[in-house]
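Sequence lines set the chain letters: A, B, ... in the order given, protein chains first and strands last, and positions in each chain run from 1. Values reported hereafter were calculated over all heavy atoms of this structure, with side chains retained and with hydrogens, waters and symmetry mates removed.
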Protein chains: 2
Amino acid sequence: MRLVIARCSVDYSGRLDAHLPEATRLIMVKADGCVAIHADGGAYKPLNWMNAPNTLNIDDSTWTVANPKGETLTITLFEVLSDVDAELGEDPGLQKDGVEAHLQELLAARPESIEDGLRLVRREYPTAIGPVDLLCRDADDGVVAVEVKRRGEIDGVEQLSRYIERLELDSTLGDVRGVFVAQVVKPQARVLAESRGFRWVEVDYDDLRGLRPDELRLF
Amino acid sequence: MRLVIARCSVDYSGRLDAHLPEATRLIMVKADGCVAIHADGGAYKPLNWMNAPNTLNIDDSTWTVANPKGETLTITLFEVLSDVDAELGEDPGLQKDGVEAHLQELLAARPESIEDGLRLVRREYPTAIGPVDLLCRDADDGVVAVEVKRRGEIDGVEQLSRYIERLELDSTLGDVRGVFVAQVVKPQARVLAESRGFRWVEVDYDDLRGLRPDELRLF
DNA sequence: ACTTCGATGTCGTTT
DNA sequence: AAACGACGTCGAAGT
């Protein structure tokens, strides 16, 4: 990784056109050829960037980055304040815990934690507009479509609406009931879900993972 | 901005939990207090980060970043290979050209490029749930609501649906026809648009800008 | 402050 | 490779 701090101006031409006037910035060049131009503030997103795969051409004080799609990034250097190069090596990578896929797995293994008597028919049940998270049958053998989100917001309810519309059109399933499941269901999402005739359920991630004893649920 | 290259391990706890095993990485600390941990590859997104506002506490080889929401990032340093500090100053900011707003302008100036005989009534026509991109009348004087996107995906069709529902409720416009316009309309968006009774149209940004001669369209 | 929506989104997964 | 949805999305604009 090479880190250059320099007074520079930058031009990008590609999916849009963008220009950065002369100022002091960080230019970060990674081992895979990615280039990013950072200011001294504003979260982690760079002002300009170019992702791999691309080619970096350094001609005196003009750096030109080009990729196969025909996008170009041109950096003009006026004064270099610092220039550091270091070999970092491969990164072992990030371990995450607590994302939606995990939540869906846990619910698929224990559909009864959503509603008494609920049985899983299929995970990721396919429709023309995408897969339904969980397709189930309830205690009365009715078809139930379950949408799982980590955070339950309006978009998720819209998604469930579309799936149910599709399921009722495309199949011989007949009436399909909707259930919206999330760790937290936002007030607006509750209102919309109810107005669409869906149940909404909040579940606890730690409970599902079995970190808390099941007995606690009996109370 | 402070740039430290070091062998380190990192733990994040907040919206999820994540762990980075010991390896050599870049730690970037910006003037506003943001911290980002970068590997030597993988686009511009850091492996871990913490945005402002937050507090950075450096205690020997353990750095702790905490924000008001209770999220924490803990960095344990094993070996520092490089440590650079520089004053960058304010950035004058990025100038952009070619985003959705621009596309909408061009279409407003030439509604007939969407559909023969289409005339603009108003751009950003207001409704209770937000402005409709273009409100038009067609060759038969029927009301047409146009939603403009750079890339046409399902969300955009949903947005158009909500606007039309509103327009038909709130006004004396009567039936409103929907047209979904984008540079590229994705297959799922096509299906949904058609099932809602909307037309979808793909337009070319360069054509609209007039970079290609109009005569080309005659063939 | 909160919500909505665009983005050179980026990233992973599946087709 | 293309499409599709999730994201610790980020960030700006409007309320």
Checklist entry - What distance do His102(B) atom NE2 and Asp97(B) atom CG have between them, rounded to the nearest 0.5 Å? => result 5.0 Å
For a quick check of understanding: with a heavy-atom distance under 4.0 Å over all strands, which category does [X] fall into, base, sugar-phosphate or nothing?
X         : answer
Gly42(A)  : sugar-phosphate
Asn51(A)  : sugar-phosphate
Gly130(B) : nothing
Tyr12(B)  : base

Next on the checklist: Set out, in order, the CA-CA distance, both residues' side-chain angles and the distance that settles salt bridge (charged side-chain N to carboxylate O under 4.0 Å, His left out) for Asp133(A) and Arg123(A), then state yes or no.
Outcome noted: CA-CA 6 Å; Asp133(A) 285 342; Arg123(A) 251 180 89 185; over 6 Å; no
Checklist entry - Side chains of Glu71(B) and Tyr12(B): is there a donor and an acceptor less than 3.5 Å apart? => result yes
Separation of [N] [atom2] from [X] [atom1] (nearest whole Å):
X         : N       : atom1 : atom2 : value
Lys45(A)  : dT10(C) : NZ    : P     : 7 Å
Tyr205(B) : dA7(C)  : OH    : P     : 11 Å
Glu153(B) : dC7(D)  : CD    : C1'   : 14 Å
Leu192(B) : dC4(D)  : CG    : P     : 12 Å
Lys96(B)  : dT8(C)  : NZ    : P     : 3 Å
Tyr163(B) : dC5(C)  : OH    : P     : 5 Å
Gln104(A) : dG5(D)  : CD    : P     : 14 Å
Gln95(A)  : dG12(C) : CD    : C1'   : 17 Å

Checklist entry - Hey, is Arg162(B) close enough to Glu158(A) for a salt bridge, meaning N to O under 4.0 Å? => result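 Answer for the salt bridge query: yes.
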What nucleotide among [options] has an atom nearest to a side-chain atom of [X]?
X        : options                 : answer
Tyr44(A) : dT10(C), dT9(D), dT8(C) : dT9(D)
Leu16(A) : dA7(C), dT8(C), dG8(D)  : dT8(C)
Arg15(B) : dT9(D), dA7(C), dT10(C) : dT9(D)
Asn48(B) : dT8(C), dG8(D), dC4(D)  : dG8(D)

Checklist entry - Counting only side-chain N and O atoms of Trp49(B), is one of them less than 4.0 Å from OP1 or OP2 of dT9(D)? => result no
Checklist entry - 5'-most contact on DNA chain D: Asp133(A) or Ala43(A), nearest heavy atom basis? => result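 Its nearest nucleotide lies further toward 5', so the answer is Asp133(A).
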Checklist entry - Taking for each residue the nucleotide of DNA chain D with the nearest heavy atom, is it Gln188(B) or Glu71(B) whose nucleotide lies nearer the 5' end? => result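 The residue whose closest nucleotide sits nearer the 5' end is Gln188(B).
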Item to check | Within 6.0 Å of CD in Glu22(A), more than 12 heavy atoms from elsewhere | outcome: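 Yes - once you tally the heavy atoms of other residues, nucleotides and ligands closer than 6.0 Å, there are more than 12.
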Checklist entry - Given the P atoms of dG8(D) and dC4(D), what is the spacing between them in whole Å? => result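 These two P atoms come out 22 Å apart once rounded.
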Checklist entry - Between dG11(D) and dC11(C), how far is it from one P atom to the other, in whole Å? => result 15 Å
Next on the checklist: Below 30° counts as parallel, above 60° as perpendicular, anything between as tilted: where do the rings of Tyr44(A) and Tyr44(B) land?
Outcome noted: tilted
